[in-house]
Amino acid sequence: MSMAVNILFEEEIKDNKVVVDFVKSKKEAFVSTLLNDESVVIIKEPKESKQTLEDVRMLAGNIVKSLINSNVKKAKINEDILIQIYDSNEKQDVLIAFVEGWNLGTYKYITYKSEATQKKVDLEFFDENAVKAAKETGEVRASAVAFSRDLMNNTANELNPETFPEVLKEELKDTPVEINVLEKADIEKAEMNGLLAVNRGSKYEPRFVELKYVGDDSKPLVALVGKGVTFDTGGISLKSGRDLSDMRMDMGGAAAVSGAIKLLAESTAKVNVIGLLQIVENMPDSDSMLPGDVIRYKNGKTVQVGNTDAEGRLILADGLIRAEELNADYIVNIATLTGAAAVALGSETGAVMGNLEYASDMRTIGAKNGDNVWPLPLIDAYESYLDSDYADFSNISNKGEAGAITAGLFLRRFVNNPEKWLHVDMAGVMESQNKGYYAKSARGYGARLLADYTVAKSE
Ligand code: BES
Ligand code: ZN
Ligand code: ZN
């Protein structure tokens, strides 16, 4: 028997958590009501007048998780009441948020769980025609975020620099995205020496991937540059003292860019965007780059490798140089770059640095779409922390402070005009807990943030 429920709202019930408990406790009642007619889930009417779109996504995620637990297969909701209760000024956005939260709430990374099956609950609205566009948008957004999550959750033995581009080709094959993969010989020719240096200890070849989506070629070119370290052991400056399993997610920047390009292409956005992914593995080996080595970049700058674990900035430098070669009008790079960003801002918000006005735009965009980000200052007085005795500069700071900022200052040196540039450090937000529309796994951070920022800069 497949169970179906109607989702209703009722003032008396206090908050989302109660709703979830209510759904659980009434499991029996569902079944008995169902025998006569349809079952009922009741949602509280929020007390606070201002509920955010994130509240809507979280609510939808909580409901769908609860329904899955109760083995419900189908639910129906009155869109008019949903809109009325949540925010009458942003009707479409409320519906989109609900569908997005609903779909992502069912996300589970179960590839390696022998017993688990992927469960879904079909969502229906009273007037399907009226919500068609919003439903599609919500679905596209959720599927882009889920793709970023999948990429990040995947293990490093499966997703490595050589397989990553193949996964992208498969995922984007029905979209107009053009994929150009630079292999090792191309990377050597292009003098992407950061990639070559960092990847030296790996048994895989490095890759540089360009994902181009042109929805309108009259729009400014936005370049999205993503760190794609499929596993970060630290290299010769080996990480130690903790479980490193999460370092399979050190390609989170590349996953965010891939998700953003998928989102933009599948929503036929009128933008002109290119994703630039630097994909490597940071391993200790007799061939590895060594502390003290100097990398000479295509733009003539030389960098002393003070610590092989500060590898992200070494490869992003090649991506930024490439973005400049392409004459991008806006450049955003994104990376799981520093533990210091997580220390500064915790696990609910990423850090953004660069053009202050754009950083503020991005903060507003993230507050609306769920990918929170908060500005950090690029303080000029800290530039000298990157001084090197025998190269132009070092990849680590010679002071034990401001680690997220000095990484930002390092990257800024590879952008000709920093006014068009933003750097997002997502180290703190690469994972999520099982809450609302999030699962205990990769958060899928950045796909929505980068896509919506790209659209905003194309208006
Ligand atoms: N991938 C790490 C940063 C990171 C740490 C991301 C924890 C997510 C969770 C990065 O490559 C790294 O190792 N950074 C060093 C830089 C240091 C050596 C200057 C760090 O943050 O400790
Ligand atoms: Zn590292
Ligand atoms: Zn790293």
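Atoms within a ligand are numbered from 1 in the order they appear, just like the ligands themselves. Side chains are part of it too, since the values below use all heavy atoms of this structure and drop only hydrogens, waters and symmetry mates.
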Does the distance from a Lys or Arg side-chain N to an Asp or Glu carboxylate O, for [X] and [Y], drop under 4.0 Å?
X	Y	value
Asp318	Lys298	no
Lys457	Asp361	yes
Arg443	Glu431	no
Arg412	Glu383	yes
Arg200	Asp285	no
Lys239	Asp309	yes
Asp392	Lys301	no
Lys203	Glu281	no
Lys368	Glu54	no
Glu171	Lys169	no

- Message: Testing the 3.5 Å rule here: is there a donor-acceptor pair between the side chains of Asp452 and Asn369?
- Response: yes
- Any side-chain donor near an acceptor of the partner, Thr106 and Tyr437, under 3.5 Å: no
What atoms of ligand 1 come closer than 4.0 angstrom to any heavy atom of [X]?
X	answer
Gly339	20 (C), 21 (O)
Ala427	6 (C), 8 (C)
Thr336	1 (N), 2 (C), 3 (C), 6 (C)
Arg313	16 (C), 19 (C)
Met430	8 (C), 9 (C)
Glu311	11 (O)
Asp250	1 (N)
Lys227	1 (N), 10 (C), 11 (O)

Ligand 1 and [X], any nitrogen or oxygen pair closer than 3.5 angstrom?
X	answer
Arg242	no
Asp309	yes
Thr338	no
Asn307	no
Asp246	no

- Item | Leu337, portion touching ligand 1 at heavy-atom distance under 4.0 Å | backbone
Give the residue, atom name and distance (to 0.1 Å) of the protein heavy atom nearest [atom].
atom	result
atom 17 (C) of ligand 1	Ala310 CB, 4.3 Å
atom 19 (C) of ligand 1	Ile396 CG2, 3.5 Å
atom 2 (C) of ligand 1	Asp232 OD2, 3.6 Å

- Query: Quick check, are the ring centers of Phe414 and Tyr297 under 6.0 angstrom apart?
  - Reply: yes
- Taking the six-membered ring where the residue is Trp, are the ring centres of Tyr358 and Tyr330 under 6.0 Å apart? yes
- Item | Under 2.8 Å from the Zn ion (ligand 2), the protein N, O or S atoms, given as residue and atom | Asp232 OD2, Asp309 O, Asp309 OD1, Glu311 OE1
- For atom 22 (O) of ligand 1, state whether the nearest protein heavy atom is under 4.0 Å away. no
- From the options Met251, Met247, Glu431, Met249, select the one whose nearest heavy atom is closest to atom 8 (C) of ligand 1. Met247
- For Leu276, which of Val209, Leu326, Val257 qualifies under side-chain contact (heavy atoms from CB on, under 4.5 Å)? Leu326
